[in-house]
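Notes for the one structure printed next.
Owing to the predicted nature of the structure, the values given are computational and were not obtained by experimental measurement.
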Amino acid sequence: MRTPPAPRRPAPLAPVPNHRPTPSHVVQPSPIRSQPYSAPQPAVTPPHGNRSISAPPPPQRRQAAGGHGWVPRGQDITVAGLTVQGGMLYVGVGMPDAAGIGVEPALIDPTLPVDTRDLDWQGQSMDYWPCYSDISPKARGAYLSWLAGGRANPNAYIGYVFLYFYGLERRLLTKIPELDNSGTERAILVAEVRRLLQIYSGNRSFKGYAEGLLEAATLLDPAVRYDRAAPPVTEWSHELPIDLKIGLAQLAVEGRAVPADWALSWYAHHPDTYLRTPAVRCPNEFLELFTKRYRAKFGDGLVVKPNKPRLSVSYYAASIGFHGHVDLENTALPDISRLTGPIAKLRDIVEAVTSDLEAYSRYLGRHPDGAGSPAAIALLPDGVTHRPSPETDALWSWAAQCIGGDSRGVISAQELISRWPTKTGKLTKADSVAIAQLLEHRGLGIEPDVRFGGSTPTPTSSIVLFRRAERPVSAPGVEYAAALAIINLGMLVATADGTVSEPERRALRELAIDELDLSEDEQLRLDAHAALVLTKPPTPAVLRRRLESLSTSRRATVGRLLTTIAAADGQVTPDEIRTLERLFTTLGLDPGDVYGSLHAAATDDLTRAEIPGKKKAGLRIPPSPASRQDSATLTLDPKRLARTRAESVLVAAELAEIFADDEPVSPPSPPRSDEAVVDGLDDAHTRLFHLLVARDTWSRADLDELAAEVGLMPDGALEALNEAAYDRTGEPLCEGSDPLDINQDIVKDMLG
C-alpha cells in the first residue's frame, strides 16, 4: 500500500480576489424535503453588513440542538444567504464524527455564525486540521462562497477543498457499503473526487489523499475488471493499482487465464521488479514480443490459484474525524499480489525480451526519429512488427526483384550499397550484419554473410540474394564450416577446365551436404555460396595464402581431400589431374603424390567391377605419371568412393577454418570473483567497466587495447556502458573522446 501523504497542506496556489458577495438579511437554510434533519434558526439574525454573529454554543449543546443528514446530489441548500447547488454535503446540527468522538468536521451547521463580508480567502485563520464548527466566521464565509461558486475555482485555498472532501470521504467509506443503490451513488461520489483531483492535483497533499480515497472506494466495487480492453496502469511502478489487484483476483476466483497484457502489467507494477530501458523506450515492441513468448509458454495464459489472504486496503484518512487509518477488506477476493511464484515465471520472459530488444533500443536512443528505417528494422528481433519506412520497403522490393522467380540471383554489391544509409559509400561489418538481418525479416538471405564466416561486401564484389527456408537459421551449425570448406576446395578443382558440369556440381553438393547434418536453410545458403564462388573462383594463390600457417602434415591432409573432391563425381579428367598437380606444388607437396591419392580412391580390384543396377568399367590407375595417357579419364569405384567421402568430411571439418574470412573473436575474459556484477551488463562489458574505473582518464589508444582484451568494439562498448549508467544514475560513465574521462562519482551507484 502506498505510504500516506503528509497531513500538512501547503498554501493555495494563488489567493482568490477579495470580493464581497451580497449577504441576505436572514440566515436561513433552503428547505430540503428529503433530509432527516431540521435545522433551527440561528440564535441571532445578523443585521445587513455585520461581520459576525453570536458565538456558537459548546459542542455538547450543539449535538443536542437538532438533526443532521446527507444532502444528495441535485438538492440545494442556503446558508447565511448563500445558495449552494448540487448537494453532496453533510448539513445539520450535532452529527458525530466517524470515530464517534467529536463533531463531524465536514458538517455545515447553519446555526453557526458566518461572516459574509470580510472573507478569509487565503485561509489565514484556518487551523491545522480544519473543522467547520471550529473555523472562524470569515473562514466559513469564504468556504460557503467557494461552494456556492461551483467548487471549481483553481485558486481556492486548499483547506476549503479539503473541508468539502471530508464529507465525500466519509460518505464513501462509511455509508456506501450499506446502501442498496450503492453502485449509483458510489459512481457519483467517485466522479466528484476525480473532478476535484483534476482541478487541484497541483497540491501534492490533496492529490495523495484523493488518489488514496479512490483506491479505497474501488476495493468494494463489484464490477468485472479483466474484460477491459487494456489493464489498468499508473505512472509509478512499485505498487499494483487496486483495479489490477481486483482484476487478477477475479481471474483467479473464476479459474481464468491471466491475459498477456495483464501479466505484464502485474510484473511491471510489482515492488520487486524493474523494467529496464528497452521496455520503457520501446513499449509497443516490448509488449508484442512479450505477448508472443508468453502465449508460446503458457498458451492462453497463467492460471493462478486463489491464495488465502483477502484483498484489503489501508487508507490514511484526510479527515481528523476518522482519527487515522481506515482498513477495508473485500472478503470475496484473494490478494493475488502477494504471490511470488508467477512473478518468477514472468521474469524469465521479461529478461529474455529485454535482452533481445537492447540493440534496437540503443539505436533509437541514438536516433530518436529512426524507427522504421532499414537499420532500425534490421535490429528488431523475430516476432516484432513495425511499420517500415519507404526506404526500407524499397530495399525489400528491390531484393525480391533481383531474385525474381528463381531461387537466387547474382548482382553487384554496389547496387546494394547504394540503397543502404552509409555516409562513406562502404559497408562496415556492422552494416553487413544489419543488412542480413533486414533481409531475413522478409525470408531472404545474402552471401557473403559475415554471420556465417563471409567477408563484408565491397563496391567491386558480387553478392548472391536467395530465398530462405521456412525455418531460417541466423548462425552456422557445427558442420556448416566443413561443408563450406568442401564447396570452396571443390570449386577450385572443378573449374580447372573452365566450366563446372552439372554432374560435377551435383557430386560436389552431395559430398558437401549429404554426408553432413545441415538444416535446409544451410543447404540453400551453400548453394548460394557455390553460385557466388563461380563468379570469381578461388585461385591457387588464394589457397596458398590461406595455407601458409599449416604444418606439413596438415598440408598433406589437404592434398588428400583435394583428390577426394576431384573424384567425387566418379571420374577424374586430365584437366583436373593437371590442376591437382599444380595445387600439390602450391601446397609444397610432391605432385607425383596425386596418383597415390587417386589410387586410394580407385577400385581395390583392378579388373572390371560389376556395379549393381549399372555396369561401369573399373580401370587401373596408372602407377606413375610416365605411364598415363593425357587423354584418359579415370573412373572410380562408387563403393570405395563412398567410404572415402565419409572420411573426407572429417578432414574438411579439421580444415574448415582456412576458409573463414574473419578471424574468430576470442571469448571475453569473465569478471574476476572480486569484481561486482553491474546490472544490465554482460560479462564482457562488466569486465571492461572494472578495468576503466580503475583510473580517472584513459587515452583512446589505451581504450582500444582494453576493449580488444575483452573482445568488444570500443565505440559500441562505451555506448553500452553509458546507457547502463543513465539507467541507474541519469549520468554518463564516460565523457570525452581522447582523453576519455571516467565519472567516478557514479561508480558506487552503478554497483549498488
Side-chain angles (χ1 to χ4, degrees), residues 5 7 9-13 16 21 29-30 32 68-80 82-92 95 97-98 103-110 112 114 119-123 125-136 138-176 185-186 188-203 205-214 217 317-322:
R9 303 183 182 95
L13 300 179
V16 178
S30 302
I32 305 174
H68 51 75
W70 172 257
V71 181
R73 187 181 70 163
Q75 294 193 15
D76 303 340
I77 63 169
T78 300
V79 179
L82 296 170
T83 298
V84 178
Q85 298 178 334
M88 292 188 288
L89 300 161
Y90 283 106
V91 179
M95 179 180 179
D97 60 22
V103 177
E104 168 57 43
L107 182 68
I108 297 176
D109 188 342
L112 299 178
V114 177
L119 306 180
D120 184 9
W121 288 114
Q122 298 186 10
S125 63
M126 293 278 282
D127 293 332
Y128 184 78
W129 295 101
C131 178
Y132 185 87
S133 62
D134 295 335
I135 62 177
S136 67
K138 58 183 179 180
R140 294 190 192 108
Y143 173 55
L144 292 172
S145 297
W146 174 74
L147 291 174
R151 319 170 208 196
N153 191 323
N155 296 320
Y157 174 61
I158 200 65
Y160 299 138
V161 181
F162 266 107
L163 199 54
Y164 171 55
F165 176 79
Y166 292 167
L168 304 175
E169 181 182 60
R170 172 162 183 168
R171 186 70 175 175
L172 276 168
L173 297 182
T174 63
K175 294 299 180 183
I176 291 301
E185 188 170 357
R186 179 191 294 109
I188 292 172
L189 295 173
V190 166
E192 179 65 2
V193 175
R194 292 189 187 281
R195 185 188 70 85
L196 293 174
L197 186 58
Q198 186 176 9
I199 300 171
Y200 301 105
S201 61
N203 183 279
S205 181
F206 180 78
K207 183 177 185 289
Y209 280 112
E211 289 178 345
L213 177 60
L214 290 172
S319 172
I320 196 174
F322 283 93

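Considering every non-hydrogen atom in both Pro105 and Asp97, the closest pair reads CD-CB, 4.1 Å. Scanning both residues, Leu119 and Ser145, for their nearest heavy atoms gives CD1-OG, 3.7 Å. Ile199 and Pro154 make their closest contact through CG2-CA, 3.9 Å (heavy atoms, listed as atom of the first residue, atom of the second, distance). Contact record, Gly141 with Leu82: O-CD1, 4.2 Å, taken as the closest heavy-atom pair. Between Asp76 and Gly86 the shortest heavy-atom distance is OD1-N, 3.3 Å.
Environment of CZ in Arg194: sparse, with no more than 12 heavy atoms of neighbouring residues, nucleotides or ligands closer than 6.0 Å.
Going from atom CH2 of Trp121 over to atom CG of Asn153 covers 7.5 Å, rounded to the nearest 0.5 Å. Taken to the nearest 0.5 Å, the OH atom of Tyr160 stands 11.0 Å off from the CZ atom of Arg140. In this structure, OG in Ser319 is found 11.5 Å from CG in Leu168, a value given to the nearest 0.5 Å. A distance of 8.5 Å separates CG in Leu112 from CG in Leu107, rounded to the nearest 0.5 Å. The NZ atom of Lys207 lies 14.5 Å from the CG atom of Leu196; values are rounded to the nearest 0.5 Å. Going from atom CG of Leu213 over to atom CG of Leu173 covers 5.5 Å, rounded to the nearest 0.5 Å.
Contact check for Asp120 versus Tyr157: no side-chain heavy atoms found under the 4.5 Å cut-off. With a 4.5 Å cut-off on side-chain heavy atoms, Met95 and Tyr90 count as touching. For the pair Tyr164/Tyr143, a side-chain contact is recorded, criterion being any heavy-atom separation below 4.5 Å from C-beta on. At least one side-chain heavy atom of Leu144 sits under 4.5 Å from a side-chain heavy atom of Ile108. At a threshold of 4.5 Å between non-hydrogen side-chain atoms, the residues Glu185 and Lys175 do not count as touching. The shortest distance between side-chain heavy atoms of Tyr166 and Tyr132 does not fall below 4.5 Å. The side-chain heavy atoms of Val71 and Val84, taken from C-beta on, include no pair separated by under 4.5 Å. Proximity of Ile135 to Ser125: side-chain heavy atoms (C-beta onward) are nowhere separated by under 4.5 Å.
Between Glu192 and Arg73, no side-chain nitrogen of the basic residue sits less than 4.0 Å from a carboxylate oxygen of the acidic one, so the salt-bridge criterion is not met.
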Test side chain to side chain contact (heavy atoms under 4.5 Å, CB included) applied to Leu214 and Leu197, step by step
CA-CA 10 Å; Leu214 290 172; Leu197 186 58; 4.1 Å; yes
Show your reasoning for whether side chain to side chain contact (heavy atoms under 4.5 Å, CB included) applies to Thr174 and Phe322.
CA-CA 10 Å; Thr174 63; Phe322 283 93; 3.9 Å; yes
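No donor-acceptor distance shorter than 3.5 angstrom exists from the side chain of Asp127 to the backbone of Pro130, with no hydrogens or angles considered. Side chain of Arg171 to main chain of Leu89: no donor-acceptor pair is present (N/O by atom type, distance under 3.5 Å, no hydrogens or angles). Asn203 contributes a side-chain N or O that, together with a main-chain N or O of Ser205, makes up a donor-acceptor pair within less than 3.5 Å.
Ring to ring, Phe165 and Tyr209 are not that close: their centroids are 6.0 angstrom or more apart.
Counting only residues at least two apart or on different chains, the salt bridge (Lys or Arg N to Asp or Glu O under 4.0 Å) pairs with a member in residues 143-170 are Glu104-Arg170.
Partners of Gln198 by side-chain contact (heavy atoms from CB on, under 4.5 Å), not counting sequence neighbours: none found.
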